[in-house]
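What follows is one structure encoded as C-alpha cells, with my remarks underneath.
Letters A, B, ... mirror the listed sequences (proteins, then strands); counts begin at 1.
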8 protein chains.
Amino acid sequence: MNTDLYQILEDVRDGKTSVADAEILIKKEPLADLGFATLDTQRKNRQGVGEVIYGAGKTTAQIKSITETLLKSSEDGILITKLSKEKEEELRKDFKDDFRYFEDAKIGIVGKNRKPDGLGKILIVTGGTSDIPVAEEAAVTAEFLGNEVERAYDVGVAGIHRLLSKMDSVMNASVIIAIAGMEGALASVVGGLADCPVIAVPTSVGYGASFEGLSALLSMLNSCASGVSVMNIDNGFGAGYYASLINHMNKK
Amino acid sequence: MNTDLYQILEDVRDGKTSVADAEILIKKEPLADLGFATLDTQRKNRQGVGEVIYGAGKTTAQIKSITETLLKSSEDGILITKLSKEKEEELRKDFKDDFRYFEDAKIGIVGKNRKPDGLGKILIVTGGTSDIPVAEEAAVTAEFLGNEVERAYDVGVAGIHRLLSKMDSVMNASVIIAIAGMEGALASVVGGLADCPVIAVPTSVGYGASFEGLSALLSMLNSCASGVSVMNIDNGFGAGYYASLINHMNKK
Amino acid sequence: MNTDLYQILEDVRDGKTSVADAEILIKKEPLADLGFATLDTQRKNRQGVGEVIYGAGKTTAQIKSITETLLKSSEDGILITKLSKEKEEELRKDFKDDFRYFEDAKIGIVGKNRKPDGLGKILIVTGGTSDIPVAEEAAVTAEFLGNEVERAYDVGVAGIHRLLSKMDSVMNASVIIAIAGMEGALASVVGGLADCPVIAVPTSVGYGASFEGLSALLSMLNSCASGVSVMNIDNGFGAGYYASLINHMNKK
Amino acid sequence: MNTDLYQILEDVRDGKTSVADAEILIKKEPLADLGFATLDTQRKNRQGVGEVIYGAGKTTAQIKSITETLLKSSEDGILITKLSKEKEEELRKDFKDDFRYFEDAKIGIVGKNRKPDGLGKILIVTGGTSDIPVAEEAAVTAEFLGNEVERAYDVGVAGIHRLLSKMDSVMNASVIIAIAGMEGALASVVGGLADCPVIAVPTSVGYGASFEGLSALLSMLNSCASGVSVMNIDNGFGAGYYASLINHMNKK
Amino acid sequence: MNTDLYQILEDVRDGKTSVADAEILIKKEPLADLGFATLDTQRKNRQGVGEVIYGAGKTTAQIKSITETLLKSSEDGILITKLSKEKEEELRKDFKDDFRYFEDAKIGIVGKNRKPDGLGKILIVTGGTSDIPVAEEAAVTAEFLGNEVERAYDVGVAGIHRLLSKMDSVMNASVIIAIAGMEGALASVVGGLADCPVIAVPTSVGYGASFEGLSALLSMLNSCASGVSVMNIDNGFGAGYYASLINHMNKK
Amino acid sequence: MNTDLYQILEDVRDGKTSVADAEILIKKEPLADLGFATLDTQRKNRQGVGEVIYGAGKTTAQIKSITETLLKSSEDGILITKLSKEKEEELRKDFKDDFRYFEDAKIGIVGKNRKPDGLGKILIVTGGTSDIPVAEEAAVTAEFLGNEVERAYDVGVAGIHRLLSKMDSVMNASVIIAIAGMEGALASVVGGLADCPVIAVPTSVGYGASFEGLSALLSMLNSCASGVSVMNIDNGFGAGYYASLINHMNKK
Amino acid sequence: MNTDLYQILEDVRDGKTSVADAEILIKKEPLADLGFATLDTQRKNRQGVGEVIYGAGKTTAQIKSITETLLKSSEDGILITKLSKEKEEELRKDFKDDFRYFEDAKIGIVGKNRKPDGLGKILIVTGGTSDIPVAEEAAVTAEFLGNEVERAYDVGVAGIHRLLSKMDSVMNASVIIAIAGMEGALASVVGGLADCPVIAVPTSVGYGASFEGLSALLSMLNSCASGVSVMNIDNGFGAGYYASLINHMNKK
Amino acid sequence: MNTDLYQILEDVRDGKTSVADAEILIKKEPLADLGFATLDTQRKNRQGVGEVIYGAGKTTAQIKSITETLLKSSEDGILITKLSKEKEEELRKDFKDDFRYFEDAKIGIVGKNRKPDGLGKILIVTGGTSDIPVAEEAAVTAEFLGNEVERAYDVGVAGIHRLLSKMDSVMNASVIIAIAGMEGALASVVGGLADCPVIAVPTSVGYGASFEGLSALLSMLNSCASGVSVMNIDNGFGAGYYASLINHMNKK
C-alpha cells in the first residue's frame with residue numbers, strides 16, 4: 001500500500017499529477033492505508049511482543065495456516081491461547097520440538113520465549129488452587145513476553161499468614177497479579193501491602209452468590225487500596241500482557 | 001384469653017359442656033390465643049432482652065406513648081432505634097435523666113442497660129471511619145443487651161497492620177462484628193484470623209460499582225473463611241442483637 | 001521457622017549478634033514466620049475442630065495423599081466435602097472401615113466424629129425435600145464437629161402447621177439452621193418463633209424468578225425477625241461449622 | 001361513529017351503495033370505530049365499576065375538568081388516585097360535601113361508593129405499619145368498587161401468633177390481599193393458611209438488600225404456596241381492583 | 001393427636017385432671033396438633049381439589065408409593081406434575097387404564113378429573129407455539145380441578161388480528177390465563193380487552209435480552225391494564241390452580 | 001370470512017335483514033374477520049417480502065408441510081430460520097435444487113431471492129470472526145429480501161485501521177448493520193463515521209463480564225453517536241429485515 | 001491543515017522535498033488532519049441536518065457563545081436540547097424573535113426549521129400522557145430536521161381500540177416512533193400492525209418493577225414483531241434524528 | 001513499639017530473659033507492632049508519594065488538624081480529595097498562599113507538588129466534556145505525584161477524527177488514562193491505537209440504560225484491546241495514582 005502513496009508522490013514530483021489532484025487522491029484513498037500499517041510494526045519493535053493467536057473458535061487447520069504465515073515473516077515466537085488438549089496433539093505433529101504446550105494455561109507456543117529483559121519480577125498470587133488455570137495463563141503469557149515470573153498460589157486471605165510469609169516476594173516484585181474468585185479480597189490485601197502496581201483478576205471460581213465471578217469483580221473494583229486496577233473475569237492473558245507492558249517501561 | 005380456655009375446661013369439669021363440644025370449641029378458637037402470648041414472655045425471660053422500639057416512621061408522640069406503656073409493665077430499659085436528633089430533644093423533656101441519646105448510633109435509651117453478663121467481649125471492627133454509624137448502632141445495642149463491647153474502628157485491609165495490631169483483641173473476643181463497605185474484604189480477613197463466630201455487616205459506604213453496598217454484601221457471602229455469617233446491608237442493630245444472643249449462650 | 005527466631009535470640013544472648021542487628025533481622029524476616037503458624041494450632045485446640053479437606057476440584061490421588069499426611073500428625077477425624085460417589089469407592093479401598101460416606105451430603109469422613117459436647121442440640125429445618133442435600137451437608141458437618149443434631153425436614157411455610165408441630169424442638173434448640181429455596185420465608189418464621197440464634201441458608205432450589213437462589217437469599221437477608229444471620233447459597237458446610245462454633249461457646 | 005356504520009347500511013338497504021362498495025368502505029374505516037366503543041360500556045355495566053382518574057402528573061385544573069365531564073354523563077362515583085394533600089384542598093372547594101379524601105391512601109372520591117354487593121369480605125393484611133399506605137390504597141379502592149373490607153395490619157411473620165390470631169378472618173375471607181416489604185414472607189404463610197385466592201403486593205418498605213421492593217417481589221413470585229398471584233411493587237390500587245373483580249364473580 | 005386433646009378433656013370431665021393442669025397440658029402440647037390437621041380437610045371439601053404430587057425430584061417408586069397411599073383414603077383423582085416420559089411408562093404398568101399421561105404438560109393423572117362445575121370457561125391464550133408446554137400444564141391442571149378450558153394458542157400481539165378474532169372467547173371467559181415469553185405484551189393487551197380477571201404467566205421462551213423470562217415477567221408486572229396479576233416464570237400449574245380458585249368462587 | 005360480511009350486506013340490500021340487526025351482527029362478529037386478513041397481503045405487496053418460517057422448535061415434517069402450503073399460494077421464495085444441519089438434509093430430499101442451505105447463517109431457502117431493488121447497498125460489519133454467524137443470518141436475510149449486501153468482517157475497534165480501510169464502503173452504504181460482542185464499541189465508531197442509519201446488533205460473544213451479550217447491548221444503547229438503533233442480542237434476522245425495510249423506502 | 005498536505009505536495013512538485021521524505025512527513029502527520037475534516041461537511045450536505053447543541057451541563061453563556069459562532073458560518077437553524085425554562089428566558093433576550101422554545105420537549109431553536117422534504121410523515125405514538133415529554137423531544141427534533149410529524153398520544157395497549165382508531169395513520173406513516181414506559185407493549189403491537197420501520201423508545205415512566213425504564217427496554221428488545229429497533233431509555237432526540245434519517249433515504 | 005522488641009532483645013543479651021521466654025513474648029506481642037510500621041515509610045521513600053487525605057465526610061476542623069500534624073513531620077505536600085468549595089474557603093484562611101484549590105477536581109493541595117520525574121508524559125483523554133471532573137481529579141493527582149500530564153478532552157469515538165488528530169500524543173505517552181461514560185468505547189479504541197498501558201475509568205455520565213456508569217464499566221472490562229485495565233466508576237484519583245506508579249517504574 002505504501003506503494004500507492006509513494007507512486008502518487010512520484011507522479012507529483014514528475015509533474016504527472018497536479019498538487020490539487022494529488023490532494024484529492026490521497027484523501028479519497030482509504031485513510032488507514034496511508035500509514036497505519038506501520039503502527040503494528042512500531043508497537044512490536046518497541047515492546048518486543050511476539051505474535052498472539054486467539055485459539056478459541058479456530059480449527060486446528062486455521063491455527064496451523066496462520067502460524068505458518070507468521071513464521072515466514074518473523075523469527076518471534078507465536079503464542080496460541082485457549083488451545084484445547086485435542087488440538088495440541090495435532091499441532092505437535094507439525095511443529096514438533098518447536099512446539100510447547102502448557103496444559104493448565106491452555107496455551108501453546110511455537111518457537112521461543114523472549115529473553116527476560118523486564119525491570120524486575122512479576123509476582124502472581126492466587127487465592128486458591130482452583131484459580132491456577134487463570135494464573136498459569138497469565139504466567140505463561142508473561143514469560144513468553146520476556147518476563148521473569150514468581151508464583152505464589154493458594155495464599156488467600158482466609159489464612160493471612162500464608163500471604164504474609166511471602167512478604168519478601170511482595171516487596172521485591174515489579175508488578176503483582178492478584179487472582180481470586182469468591183470474595184476477591186486478596187487484591188485489596190495485596191494492594192495494601194505492596195508498593196508496586198497490582199493487577200487484579202477476578203475468577204469465576206465459587207458458587208451461589210459468587211454469580212460466576214461478579215462478586216470478586218465488584219470487590220476488586222471497590223478495593224480500598226490505591227494501586228489496584230482490574231481485568232475482566234478469568235482474563236489471565238490480559239493480566240500477563242498488561243503486567244509485561246508495565247515491567248518493560250524501561251524499553252520506551 | 002386464657003380465660004376462655006380456662007372457662008371451657010371448667011365447663012367440661014362441671015358437666016356444662018360435653019367433651020366433643022369442647023374439642024370443637026377449642027379448635028374453632030383462634031389458635032394463637034391458646035398459648036402463643038406466653039412465647040414473648042418466655043423469650044424475654046431467658047434472654048433478658050429489654051424492649052425495643054423501631055423509631056423509624058413513628059412520630060415523637062407515638063414513641064412517647066409506647067414508651068410510657070412499656071414502662072408501666074416492666075423495669076427493663078427501652079431502646080429506640082433510628083431516632084433522629086430532632087425527636088431526641090422532645091423525648092429528653094419527658095424522660096429527663098432517664099434518657100440517654102447516642103448520636104452516631106441514632107439510638108435513644110430510656111432507663112438502664114442490662115448489666116454485662118455475657119460469656120466474653122464483643123469486638124466490633126470497621127474498615128473505615130464512614131462505617132462508624134453502623135458500628136455504633138451495633139455497639140450501643142449490644143451494650144444495652146448486657147454485653148461488654150470493644151471497638152476497633154478504621155482497621156480496613158488496605159493497611160493490614162492496623163488490624164494485625166489488634167490481634168490480641170481478635171483472639172480474646174467472644175464474638176466479632178466485622179463492618180465494612182466498598183469491597184468488604186475485612187470480614188474474610190477477620191474470619192481467617194479469629195476462632196470465634198464472626199458476624200459480617202456490609203455497609204452502603206462507597207461509590208460507583210459498590211452499588212449501595214451490594215459489592216460488600218456479595219463479598220461477605222462468598223467469604224472463603226469459615227465462621228462468617230452475614231447481615232443485611234447497614235443492619236447494625238441486627239448484628240448487635242445477634243452477637244448478644246451468641247454471647248449469652250450460657251443463659252439458656 | 002521458629003528455629004530462625006530462636007537462633008537469632010540465642011545469638012543475641014551469646015553476644016554473636018547485636019541488639020540492633022537482631023531487630024533488623026527479625027523485621028526483615030517474613031513476618032508470618034514469627035508466630036502465625038501457632039494460630040491454627042490454637043484454634044484447633046480451643047474448638048476441637050477436626051481437619052477439613054475441600055474435595056471439589058481435587059483428584060482422588062490428591063485427597064488420599066493429603067489425608068494420609070494429616071493422619072500422621074493427628075488422631076482427629078478428617079472430613080472431606082463435595083466428594084462424589086465415584087471417588088468414595090476408591091477411598092473406601094484405602095481407608096476401609098475407617099471410612100464413612102454420606103451420599104446426600106456428598107461428604108466422606110476418615111476416622112471418628114468428635115464426641116457431642118455442645119451446649120445443646122442443633123435443629124436443622126428445611127422448607128422442602130429438595131433442600132435435603134444442603135441440610136445433610138450441614139448436619140453431617142455439625143455431627144463431625146461434636147454436636148447433637150435434630151432434623152426436621154419439609155416443614156415449609158406453605159403448610160405452617162408442619163412447622164408449628166415442631167415447636168418443642170424449636171424452643172429447645174441451642175442453634176437452628178433454617179434451609180430453604182424458592183421464597184426462603186422459612187427463616188423469618190423460624191426466627192420469629194425461636195429464642196436462639198438462627199442461621200439461614202438459601203438454596204438454589206426453585207425455577208424461574210428464583211434465579212438460582214437469589215430470591216431466597218434476598219428474603220433471608222431482609223428477614224423482619226431479629227436473630228437471623230445468613231450464609232451463601234447452598235452453603236451447608238458453612239452453616240454446620242458456624243452452628244458448631246455457637247454451640248461450643250462454653251469451650252472458650 | 002356508529003352512525004357511520006349505520007349510514008352505510010342504510011345506503012345499502014336503499015340501493016345507494018352497492019354491496020361490494022360497502023364491504024370496502026367498512027374495511028377501510030378505522031376498525032375500532034365499528035364496535036369497540038361499546039366495550040367500555042359493557043365492561044362497566046357488568047362490573048359496576050365507577051370511573052377512575054390517575055391523579056399522578058395531572059394538575060388540579062385537569063382533574064377538576066375531567067371530573068366535571070364524567071359527572072355529566074354518569075351518576076357513578078369517581079375515584080382519583082395518587083392525589084396529594086395540596087390538591088385535595090382545592091378540590092374540596094369545588095365539590096364540597098360530595099368530596100371525600102383518604103390521606104393514607106392518597107385517594108380522593110367524588111360521589112358515592114358502590115354499595116357492597118360482593119361474594120364476601122376482602123381481607124387485607126400487612127406485614128408492618130409502614131405498609132399501610134399501600135394497604136389503604138387497596139382498601140379504599142375495593143370499598144369504592146362495592147366490597148366489604150376487613151383490615152388486619154402489622155401481622156408480619158416475625159411474630160406468627162399475630163397472624164394466627166386472625167385465623168377466623170383468614171378462613172372467612174372471600175379474597176385476601178397480602179401486603180409486605182422486606183422479605184415478603186407474609187404472602188406464602190397466608191397462602192398456606194387460606195383456601196381463597198390470595199393477591200400478594202410487595203412494597204418498597206425496607207433498606208439495604210431489599211432493593212426497593214425487589215426482595216419482596218421475588219419472594220412472592222416464588223411462593224411455595226399455591227393460590228398466590230402477584231402485583232407490581234406498591235400497586236395497592238391494582239390489588240384492590242383485582243380483588244374486587246374476584247369478589248364480584250357472581251355478577252357475570 | 002386429636003385423641004390427646006380428647007383424652008385431656010375426658011380426664012377433666014372425669015375429675016382425673018384439674019382445670020389448671022389441663023390448661024398447662026394443652027398449652028405445652030405442640031400447638032398445631034390441636035386443630036390444624038383439620039385445615040387441609042376443610043380446604044379440600046370446599047374446593048373439591050384433588051390431590052397433587054410434585055413429581056420433580058421424586059423417583060418412580062416414591063411416586064407410586066405416595067399414589068397408592070392416597071388412593072386408599074380418597075376417591076379423588078391424583079395429579080402428578082413434572083412427570084417425565086420415562087416415568088410415565090412405569091406408572092402405566094401399575095395403574096393401567098386409570099392412568100392418563102399428558103405429554104406436552106408433563107402431567108400424569110391417576111383417576112378421574114372433577115366434573116366441570118365452575119362459573120364459566122377458563123380461556124388460555126399464548127403468544128406463540130413455544131409457550132404451549134406451560135399452557136398445557138395450566139390447562140390440564142384446570143381441567144383436573146373441574147373447569148371447562150378453552151385454548152387459543154399462538155395469538156401473540158405481533159399479529160393483533162389473531163387475538164381480535166377470538167374476541168368472543170375473550171368476552172365470554174370467566175377467567176383468562178395469558179401466557180407469553182419474549183416481551184410478554186400479550187397480558188396487557190388481553191387485560192385491556194377483557195372484563196374478567198387475567199392471570200399472566202411469563203415463560204422462559206426467547207433469547208438474548210429475554211434473560212430466561214425476566215423480560216416477560218417485568219412486562220407483566222408493569223401491565224398498564226388493570227385486572228392483571230402475575231405468576232412465576234413458567235408456572236403453568238400455579239396459573240391453572242389459581243384460575244380454578246376464581247372460577248369456583250360460587251362454591252364458598 | 002369476507003363472505004360473512006358480504007352476505008350480511010346482501011341481506012340488507014335484499015331487505016332480509018334490517019339495518020339495526022345488521023349493525024349488531026357486524027359488531028358481534030369477531031372484529032378481525034372483517035378486514036384484518038387483508039393487512040398481511042397489503043404488507044407483502046408493498047414490501048415484496050417473501051414468506052418466513054421460524055424453524056426453531058419445529059420438526060422437519062412441520063416445516064415441510066408449511067412450506068408446501070405456502071408454495072401453493074405464492075411464487076415467492078420461503079426463508080426458514082434457525083434450521084439445523086440435520087434438518088437441511090431431509091428438506092433437500094424434497095425440494096432438491098429449489099433448496100439452498102446457508103450453514104453459517106443456519107438458514108434454508110426454498111425458491112428464489114427477490115431481485116435486488118433497494119436504494120443502495122447494505123454494509124454488514126462485525127467486530128470479530130466469532131460474530132460471523134449472526135452477521136450471516138442478517139446478510140442472507142437481507143439478500144433474500146432483495147438487497148445487495150457487502151460484508152466487512154473482523155474490523156473491530158481494537159485495530160481501528162481495519163475499519164478505516166473500509167471508509168469508502170462506509171460512506172457509500174445505504175444502511176449499515178454493526179455487529180459486535182464483548183464491549184460492542186464498533187457501533188459507536190461506525191455511527192460516528194457514517195451518515196446513513198446504523199443498526200447495531202450485540203452478540204453473546206465474550207466471557208466473564210460480557211454477561212452473555214449484556215455488556216455489548218448496554219454499550220450500543222448508550223452510543224454517543226446519533227443515528228444508531230439497537231436489536232436484541234444475536235438477532236441477525238431482525239437486523240437484516242429492518243435494514244431491508246429502510247433500504248426499500250422508495251417502494252412505498 | 002489541508003494546507004499542510006497541500007504544502008508538502010507543492011514541495012514535492014517543486015523538488016524541495018524528496019518523495020521518500022514526503023512519504024514520512026505525511027505518515028507522521030496526525031492522520032485525521034488529512035481528510036476527516038471534510039467528513040462532517042459531507043454529512044451535513046447530504047442530510048441537510050442543522051446544527052445541534054447538547055444543552056445539558058452547559059451554562060447560558062456557553063450556549064450563547066456557541067450559537068453565535070455557528071450563526072456566523074451557516075444559515076441553518078440551531079437546535080438546543082435539554083434546555084431548561086430558566087435558560088430559555090435569557091436566550092430569548094439575545095435572539096429575540098429568532099428564538100423559539102418548546103417547553104414539553106425542553107428544546108430551543110434559533111432560526112428556522114428545514115422545510116419538510118421527507119418521503120412521508122413520521123407518526124409518533126405514546127402509551128400514556130406521561131410519555132409526552134420524550135415524544136415531544138422526538139417530534140420537535142424531527143420537525144427541525146425537515147419532517148412532517150403526526151402525533152397520536154395516549155394510545156396504550158390497555159385500550160387497544162385507541163390505537164386501532166389510528167390505523168389509517170399507522171398504515172400511511174413513513175416511519176413510526178413508538179414511545180412507552182411501564183411494560184412497553186406498544187412497540188410490539190405497532191410493529192405488528194405497521195409495514196414501515198418502527199423505532200421504539202422506552203421511557204422511565206412507571207414505578208416499582210419498571211426499574212426506571214428497564215422493563216420497557218427489555219420488552220422492546222424482545223419484541224416478537226419484526227421491523228422494530230430500539231433506542232436508549234428516554235432518548236427522544238435520538239429517535240427523532242433516526243426517523244429523519246430513514247425519512248430522507250431519497251436524499252442520498 | 002519498636003522499643004518493646006528492642007527491650008526484649010536487650011533483656012536477652014543481658015541475660016534477664018531466657019531465649020525461650022523471649023520467643024514467647026515476641027510471638028504474643030501484637031504482630032504488626034514488630035515491623036509493619038516501617039512499611040509505610042518504605043513505600044513513601046521509594047515512591048516519593050506525598051500524603052493524601054480523603055476529604056469526604058471529614059469536617060474542616062478535622063482536615064485542618066490532620067494537615068497540621070502531617071506538616072510537622074514532613075515537608076511533602078498534602079493532597080485533600082473530595083474537598084467542597086465551602087471548605088476550601090476556610091482552609092485558605094489558615095494555609096494562605098501554601099494552599100491551592102482545583103475546583104473541577106475538587107482537590108485542595110497544601111504545599112508543593114513533587115517535581116516531575118516520571119518516565120514520560122501521562123495522557124488523559126475523555127469522551128465528552130461531562131467527564132472532565134473525573135479527568136481533572138486524575139490529572140491533579142498525577143501532577144501532585146510528580147508527573148507531567150497532557151489533557152485531551154472531548155475526543156469521544158462518535159467523532160473518531162478528534163481522537164485521531166491526537167495520534168502523536170497517543171504514540172508518545174508513557175501511560176494513558178481513558179475516561180468515558182455512556183458506552184465507554186473510548187478505552188477500546190485508545191487501547192487499539194496505543195502501545196503503552198491504558199487505564200480505563202468509566203464515569204457515571206449518561207442516562208437511561210447507562211445505569212449510573214454500569215454500561216461504561218462493562219464495556220471497558222470487555223475491551224477487545226489488550227493493554228487496558230479498569231478502575232471503579234468515577235475513580236479519577238485512583239487512575240492518577242496508578243498512572244503515577246507506572247510512570248515511576250524507574251524509581252524502584
Of the backbone (N, CA, C, O) and the side chain (C-beta and beyond), which part of F/Tyr207 lies under 4.5 Å from a heavy atom of chain H, both, or neither?
backbone

side-chain contact (heavy atoms from CB on, under 4.5 Å) with F/Met182: of H/Leu218, H/Asn222, H/Leu221, only one passes, and it is H/Asn222

Near H/Glu212 CD, under 6.0 Å, is it more than 12 heavy atoms from other residues, nucleotides or ligands?
no

Tell me, out of H/Gly156, H/Ser188, H/Gly208, H/Gly184, who's got the most heavy-atom pairs with chain F below 4.5 Å.
H/Ser188

Residue selection (most heavy-atom pairs with chain F, distance under 4.5 Å) from H/Ala209, H/Ala185, H/Ala180, H/Gly128
H/Ala209

Count the heavy atoms of every other residue, nucleotide or ligand shown that sit under 6.0 Å from NZ of F/Lys58, and state whether that count exceeds 12.
yes

Other residues, nucleotides and ligands only: do more than 12 of their heavy atoms fall within 6.0 Å of NZ on F/Lys85?
yes

Would you give the length of the straight line joining atom CD1 of F/Ile160 to atom CG of H/Leu164, rounded to the nearest 0.5 angstrom?
7.0 Å

I'd like to know which of F/Gly227, F/Cys224, F/Ala225, F/Gly127 tops the heavy-atom pair count under 4.5 Å against chain H.
F/Cys224

Taking all non-hydrogen atoms of both residues into account, name the closest pair between H/Ser215 and F/Ser219 and its distance.
OG-N, 3.6 Å

